[in-house]
Amino acid sequence: MTVVASVGRSLLGLEGISRPALEHLLARAAEWKRAMGDGTLKPVLGGRFVANMFFEDSTRTRSSFEMAAKLLGAEVLNWTARGSSTSKGETFLDTVRNVSALGVAALVVRHTASGCAQLAAQAVDVPVVNAGDGTHEHPSQGLLDAFTLLERWGRLDGRTVVICGDVLHSRVARSNLHALRTLGARVVLCAPPTLMPAGFDALCETRHALDEVLEDADAVMLLRVQLERMAEAFFPSAGEYARRFGLTAARAARMKPDAVVMHPGPINRGVELAPEVADGPRSLVLQQVANGIPVRMAVLERACA
Amino acid sequence: MSGGLLFRGGRLLDPRHGVDGVRDVRVQDGRVAAVAPSLTVPPGAEVVDASGLWVLPGLVDLHVHLREPGEEGKETILTGSRAAVAGGFTTVVAMPNTRPVNDAPGVTAFVLQRAREAGLCRVLPAGAITRGLKGEELTDFGALQAAGCVCITDDGRPVMSAGIMRRALQWSCQFGLPVMVHEEDLTLSAGGVMTEGLRASRLGLRGIPASAEVAMVARDLVMLEEVQRARLHVAHVSCEASVRLIREARRRGLPVTAEVAPHHFSLTDAAVEGYDTHARMNPPLRLDRDVAALREGLADGTLDAVATDHAPHGVLDKQVEFSRAMNGVVGLETALPLTLALARQGTLPLLRAVEVLTAGPARCFGLPAGHLGVGAAADVTLVDPDERWTVDAAAFESKSRNTPFQGMEMTGRVVQTWVEGRRVFARARKGRQG
């Protein structure tokens, strides 16, 4: 069965998107970044509306999409939905249909349920940009991470990127896995056995200790570990987790000299990432945040074209 | 009427009696009076020309959800009966997870009353194992059986407490009531919505490991060995390892029977791709090796019956995020061609394919159905084995449309259905094929 990665101009996920299509989007992002730098931005979406529909809390992604839309000249309709627990499904589709009927140019949708962006895209004629659906994908994050690495290295071919942490619950990991592999990188997933998605060893290399792959890595991308997962016994304690999967200063010292460290945020300082590493010279964390804007400009431009 | 009825010239497939050949079947007073290669037409008898058709014993489904009482918007005993006879089923066992739950004789009596009013197929109620399906207190098995229940089950939910389950097996012995089990360790399925594996991981959907089912099958087989004379029936087996455990238990002579749903032997988790909520059910669609094992289980007799787990749901229950969608699919109107497909593909001998829809399920619960020997109730399903048709859920007799087989082409279709010598379904036909 074919993978529906984008319905028309929607961006639902990065799985199945071709290398030329990814490279085209990233090249547009680079142009937007240049235009931001030299003050030559054009309001290509002037007079149009982009709806930010966040059914799940988010600060940085929502702000980033909002800035991207405004820099393109669009108005932003911020829709914060508080779905009822019993009929969230109906409410979600109804809400999406209603907002689309307002005549917006694109819907930016975040939701706690995997597949929601696709559900929305099938229900309306307006392009849908997935801003994170459950534990499925977070394509704009995957793109901005690829963009940040490309900016640093020029090409990803032959580079090793280690994605480390709660891969099971991470849409960021999935989007990065697909995009980085498509762009030629070797991706290694590193997670405790309880937090490694079943079957992913058929897709890429998998490891159960950061020390096993640390010295191989050109980049280590740490994922946020949610401490509430302890209630379901995914890991026994923050300490036990950090001893095998935390990027400490001592571990960072053993990385290749020019290897970099990334994190999609928000960081649990001292759990998955030591403060001195997060703020140290290897860290690309703030570049990732900054690059989110031109990347999302390229995504919105494509959606509203 | 008094002259009876003669099904003439059809190919009779009666696995219980080992018959596969052209036979006439004479019916008198609702019962089979004679079966022979050629019978004379008694004076005044109605003749049903069955030439070119297959004559099957009326099909038996051990596992349907008719939703009445309580969820009549999804299905009623009348609409469910219509779906049953349109699919060739003349006997169905109605699950107790209604509102209220069928955990008391009054509810059983209500179901039987509604079934009589519908007057189409035999609707045999299943009673609950525990009050309110809560898994805590046993129901009155004896009273439920006296009211008409043919088995007890908490279907839709497992009996999580091994202690309660053991008592249920012990108590059931007194009545010879089969205990039908929905095998799912809830601490392992833990909110999962599809089978665990690469596809669930890719889609970001929480996986249900096979062990959620298999561990419970193992638990109950161990207890069955300790509890003499209980009869265990494993509902909707979906995993390779469950088939293996049941096969081994039967080799050792344990009184366990088992059923499999058509969707589980026809589809894999690939059907979930695109977040299709019509591919969401519990147990979930599994992997290729599970499908292969289920087919092998049907072939070697480990699995006794095909049972649909017909589970009607409204559009609003399915047009939602995958993780919020209701579990279950309708199955009564597609089960026969899906099972016959196994014979056409060479997975099962034809008589075996018919057996798992007739004598097989009847034997699981000791039902006097599923065969056309002299004296048996004249429950007959006439099938055009060559008719090709495309599944169109909008044309279902069921009130609900939630099928994962929408748009698929099927071969073999029910033409007429008879219960006790009375025609309860006839499909308008385009023309006869020789």
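Proteins get letters first, then strands, A, B, ... in listed order; numbering begins at 1 in each. All values reported here derive from a predicted model rather than from experimental measurement.
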(request) Please state whether the side chain, the backbone, both or neither of E137(A) comes within less than 4.5 Å of a heavy atom of chain B. (result) neither
(request) Any chance you could measure M95(B), atom CE, to R67(B), atom CZ, to the nearest 0.5 Å? (result) 11.0 Å
(request) Take E333(B) and H310(B), measure what side-chain hydrogen bond (donor to acceptor under 3.5 Å, both in side chains) needs, and give me the verdict at the end. (result) CA-CA 9 Å; E333(B) 295 172 74; H310(B) 179 80; over 6 Å; no
(message) Parallel, tilted or perpendicular, judged at 30° and 60°: which one describes the rings of H136(A) and Y275(B)?
(response) perpendicular
(request) Answer yes or no: are there more than 12 heavy-atom neighbours, outside R19(A) itself, under 6.0 Å from its atom CZ? (result) yes
(message) Can you pull out every salt bridge (Lys or Arg N to Asp or Glu O under 4.0 Å) where at least one residue sits in residues 107-131 of chain A? Sequence neighbours excluded, please.
(response) E56(A)-R110(A)
(request) Could you have a look at P209(B), A200(B), G197(B) and say which one has the most heavy-atom pairs with chain A under 4.5 angstrom? (result) G197(B)
(request) Take D309(B) and H65(B), measure what side-chain hydrogen bond (donor to acceptor under 3.5 Å, both in side chains) needs, and give me the verdict at the end. (result) CA-CA 7 Å; D309(B) 195 4; H65(B) 297 271; 3.0 Å; yes
(request) Using heavy atoms and a sub-4.5 Å threshold, report which of residues 161-200 of chain A line up against chain B, by residue number. (result) R174(A), P197(A), A198(A), G199(A), F200(A)
(message) Any non-hydrogen side-chain atom of E183(B) less than 4.5 Å from a side-chain atom of S242(B)?
(response) no
